[in-house]
Amino acid sequence: MPENKIFYFDNNATTRVAPEVVAAMLPILSEYYGNPSSAYTFGHQVGQFLDDARARVAALVNADPKEIFFTSCGTESDNTALHSALATQPQKRHILTTSVEHAALITHCQWLKKQGVEVTFLPVDSEGRLDPRLLERSIRPDTALVSVMFANNETGVVFPIAEIAAICRAKGVLFHTDAVQTPGKIKLDVRELGVDFLSLSAHKLHAPKGVGMLYVRRRTKFQPYIMGGHQERGRRGGTENVASIVGFGKAAELAMEHIDDENTRVRALRDHLEATILKTIRYTRVNGNTVSRLPNTTNIAFDFVEAEAILMLFDQAGICASSGSACTTGSLDPSHVLVAMGISPMQARGSVRFSLGVYNTAEEVDYLINKLPDIIARLRAMSPLNPLHPENKSQNLEALRAGPMGVRSESGT
Ligand SMILES: Cc1ncc(COP(=O)(O)O)c(C=O)c1O
């Protein structure tokens, strides 16, 4: 392998920009620099690129292009859905969501709570699953919005979005899903799903950072979050990031082509990685349900080591993976997702997420598989958390591992 090669297993954090996407963007950056809102032909030409991209992104989720508008990121899309649902229904002051959402939603909800909005964060079970019946019982007459992510960014667990949307529809409550982790992995069809709002972020599907989109079902009352000019048919002020939006359009097209590869080859690579780790490294298990799960993600708990230490040694070997989500990396708190699943803080701190993508190869996975046992063995030998360590003989192994178990491995070395 070349000396400075990057072994990238962090595709849920962000993805490499596809060469086709770069090629689609270049003319906008170099030639078509006009403002799409300008009245002259040069502006209209740029507006045409915008329309094409909108049609492509709409096709990715089977929406009408008029039902989607571009934002600056997935976070803005999530914030906008919350804001609009509350602003258009001032008599309703309750939000129903889950305890495992991305910070893009949770942080806004926490702020809303301080403003007097009531927020219910539904629990998940030990495998990270949500009970739709509990969700149904928790909807109140004053619920302005139910918001449930499509797939969890840390564990990959996929939620039953069509079923939840049907419950919300029957109760007459607006429903938003943060589908940021799904394009190219799960087929998205807003009509079949029956959602009112759906958020995406371009940088998760091989397009640049700093652009997202929000789908708003036709005839849904809407109040903009970013108020300004008449861009995006008055739904989002601010001159559009045209080059990145064009890249998003191209990436949307590629994502539809990638679905097969993600669900066959990438899934097989992920399964091979996971099975080999469980087989060859003792005291490891998978966090989260392994049946209803994204094909590219595995979140593995390594007992008696700190994930941050693993990631440091990974870094020295050119391997990129993460603990928790990229947005919370650096915080010493254990992942709120794993804690919500009842996993002990100590185990949560030893958990690493590997998220693969269409650019990963079998050779890269083998490199990771070869490096990992040594890294874990080195860290465990030094770890004060390790009850097998000579200095820690008195510690109780089971007590240290208290908390619900996922798929678990006791074998191997
Ligand atoms: C599930 C989920 N929602 C929202 C976001 C935020 O997207 P962005 O980085 O575009 O703001 C992310 C990014 O990690 C995510 O994984």
Side-chain angles (χ1 to χ4, degrees), residues 8-17 21 57 60-61 68-83 97-110 121 124 128 130 145 147-159 161 164 176-186 188 195 197-215 225-226 236 238 240-241 244-245 247-248 251-252 255 288 292-299 320-331 335-338 340 353-357:
Y8 192 73
F9 300 105
D10 207 12
N11 285 274
N12 289 9
T14 196
T15 56
R16 171 183 159 187
V17 179
V21 168
V57 175
L60 174 66
V61 298
I68 71 164
F69 64 89
F70 294 107
T71 63
S72 69
C73 57
T75 302
E76 186 191 320
S77 301
D78 287 352
N79 277 239
T80 304
L82 280 171
H83 168 80
T97 186
T98 81
S99 47
V100 295
E101 298 298 311
H102 189 270
L105 209 109
I106 290 199
T107 311
H108 192 126
C109 283
Q110 281 161 347
F121 294 101
V124 292
L130 184 68
L145 183 76
S147 183
V148 176
M149 68 197 327
F150 208 133
N152 186 269
N153 46 301
E154 294 189 31
T155 58
V157 171
V158 175
F159 293 103
I161 293 305
I164 296 170
H176 165 250
T177 186
D178 171 341
V180 163
Q181 290 295 341
T182 57
K185 298 166 198 157
I186 295 177
L188 292 169
V195 298
F197 300 99
L198 179 143
S199 305
L200 292 185
S201 172
H203 74 102
K204 309 289 182 179
L205 55 139
H206 305 286
K209 293 151 196 61
V211 59
M213 79 85 158
L214 184 67
Y215 158 81
Y225 187 50
I226 307 281
R236 202 268 184 187
E240 291 91 344
N241 179 355
S244 292
I245 289 171
F248 193 4
S292 182
R293 184 169 60 151
L294 292 174
N296 75 319
T297 307
T298 178
N299 189 310
C320 305
S322 69
S323 61
S325 76
C327 309
T328 48
T329 299
S331 122
S335 144
H336 72 283
V337 174
L338 300 183
R353 174 188 72 186
F354 302 94
S355 48
L356 282 65

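Everything numeric in this text was worked out from a predicted model, so none of it was measured. By convention here, the first residue in the shown sequence is residue 1. Whatever order the structure lists ligands and atoms in, that order sets their numbers, starting from 1.
The Asn153 neighbourhood of ligand 1 comprises atoms 1 (C), 16 (O), with distances under 4.0 Å to a heavy atom of that residue. Less than 4.0 angstrom separates some heavy atom of Met149 from each of these atoms of ligand 1: 1 (C). Remark: ligand 1 atoms within the under-4.0 Å shell around heavy atoms of Cys73 are 8 (P), 10 (O), 11 (O). The atoms of ligand 1 that sit less than 4.0 Å from any heavy atom of Gln181 are 15 (C), 16 (O).
Looking at Lys204 against ligand 1, only its side chain comes within 4.0 Å, counting heavy atoms. Using a 4.0 Å cut-off between heavy atoms, Glu101 makes no contact with ligand 1 at all. Only side-chain heavy atoms of Val180 come within less than 4.0 Å of ligand 1; its backbone N, CA, C and O stay farther off. Residue Lys209 does not touch ligand 1, judged by heavy-atom distances below 4.0 Å.
For the side chain to side chain donor-acceptor pair (under 3.5 Å) with Ser199, the lone residue among Thr75, Asp78, Thr177, Asp178 that qualifies is Asp78.
For the atom pair Ser201 OG and Met213 CE, the distance stands at 11.0 Å (nearest 0.5 Å). Once rounded to the nearest 0.5 Å, the distance linking OG of Ser322 with CG of Asn12 reads 7.5 Å. Atom CZ of Arg353 sits about 9.5 Å away from atom CG of Asn11, to the nearest 0.5 Å. Separating the CZ atom in Phe121 from the OG1 atom in Thr98 is a distance of 9.0 Å, to the nearest 0.5 Å.
Not a single N or O atom of Ala104, backbone or side chain, sits closer than 3.5 Å to an N or O atom of ligand 1. Annotation: Ser201 places an N or O atom under 3.5 Å from an N or O atom of ligand 1; distance criterion only.
The side-chain heavy atoms of Phe354 and Asp10, taken from C-beta on, include no pair separated by under 4.5 Å.
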| task | For side chain to side chain contact (heavy atoms under 4.5 Å, CB included), just list the numbers for Arg293 and Thr155, CA-CA rounded to whole Å, side-chain angles, deciding distance to a tenth of an Å, and then say yes or no. | result | CA-CA 8 Å; Arg293 184 169 60 151; Thr155 58; over 6 Å; no
